[in-house]
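Values in this document were obtained by computation on a predicted structure and should not be read as measured data.
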Amino acid sequence: MSFKKYLKLYVITDRRLKPEVESVRQALEGGATAIQMRIKDAPTREMYKMGRELRKLTREYDALFFVDDRIDVALAVDADGVQLGPEDMPIEVAKEIAPSLLIGASVYSLEEALDAEAKGADYLGAGSVFPTKTKSDVRVIGLEGLRRIVESVSIPVVAIGGINRENAREVLKTGVDGIAVISAVMGADDVKRATEELRKIVEEVLG
């Protein structure tokens, strides 16, 4: 199966909302198809240890595993890929260092999307579609901005930013390959159930 199929429901960790291991297990039980470990400002050894645990879990549930920002940690834990933002390692350099990793690029405009595709990104995390409490200073591109990106690139696009059960359908109808969520799952009282509800919507729209 193409990796694109695993981008349908992409859940990102946030330890400010839930501890990683149990919440990731519940998200996987609920139908998450990819997990991204996002840990800011923790020692590298701690990221490595957590990454190994999450790598094991994602294998058990046949999901992809990505590491945010840190290509060294992604390689060390045998992740499927790494997610890079505009301030991180340049995409073309990351591809040279780690040709086996899928490179996801976080983009916040059409120009950044086209640039990331030209530099060899395997997929885009495009947003922020809506305002989000997770990143208060992020640029909001809206549904139209997202649609322009989808129509302008040939690599898979995952929408991110303020996506929840109420707006997921309209986001998916822009032609994206999947949705990435943080608060909608990690902020829920019942992580498994919140994931199940989103997965159902994803399957209804994307099939």
Worksheet item: Counting only heavy atoms not in E60, do more than 12 sit closer than 6.0 Å to its CD atom?
Response: yes
Worksheet item: Take atom CZ in R139; do more than 12 heavy atoms of anything else shown fall under 6.0 Å from it?
Response: yes
At their closest point, which heavy atom of [X] faces which heavy atom of [Y], and how far apart are they?
X    : Y    : result
E53  : V21  : OE1-CG2, 3.6 Å
A126 : I141 : C-CD1, 4.3 Å
A27  : V191 : N-CG1, 3.7 Å
A32  : V11  : CB-CG2, 3.7 Å
I12  : M186 : O-CG, 3.5 Å
S152 : L114 : O-CD2, 3.6 Å

Do the side chain of [X] and the main chain of [Y] share a donor and acceptor less than 3.5 angstrom apart?
X    : Y    : answer
E117 : S154 : yes
K18  : A188 : yes
E112 : Y108 : yes
N164 : N167 : yes
S106 : G125 : no
D122 : L102 : no
K192 : G31  : no

Worksheet entry | Side chain proximity check, V158 to V176, heavy atoms < 4.5 angstrom | no
Discussion item. Any non-hydrogen side-chain atom of L64 less than 4.5 Å from a side-chain atom of T33?
Written reply: no
Check this for me, if you would: do [X] and [Y] make a salt bridge, where the nitrogen-to-carboxylate-oxygen distance has to be below 4.0 angstrom?
X    : Y    : value
R199 : E203 : yes
R15  : E46  : yes
K5   : D177 : no

Going from [atom1] on [X] to [atom2] on [Y], what distance comes out if it is rounded to the nearest 0.5 angstrom?
X    : Y    : atom1 : atom2 : result
K200 : T195 : NZ    : OG1   : 14.5 Å
E166 : F130 : CD    : CZ    : 11.0 Å
I201 : I179 : CD1   : CD1   : 7.0 Å
M47  : D41  : CE    : CG    : 7.5 Å
I149 : E111 : CD1   : CD    : 8.5 Å
L57  : R25  : CG    : CZ    : 5.0 Å

Discussion item. Run Y6 and D80 through side chain to side chain donor-acceptor pair (under 3.5 Å) and show every step you take.
Written reply: CA-CA 11 Å; Y6 287 95; D80 297 295; over 6 Å; no
Fill in: Sub-6.0 Å ring centroid separation between Y123 and F66
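Yes, they do, as the ring centres are separated by less than 6.0 Å.
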Worksheet item: Can R70 and T44 be said to form a side chain to side chain donor-acceptor pair (under 3.5 Å), step by step?
Response: CA-CA 9 Å; R70 295 288 298 270; T44 298; 2.9 Å; yes
Worksheet, complete the sentence: Exactly one candidate in R55, R59, R52 meets side-chain hydrogen bond (donor to acceptor under 3.5 Å, both in side chains) with D78; the answer is R59
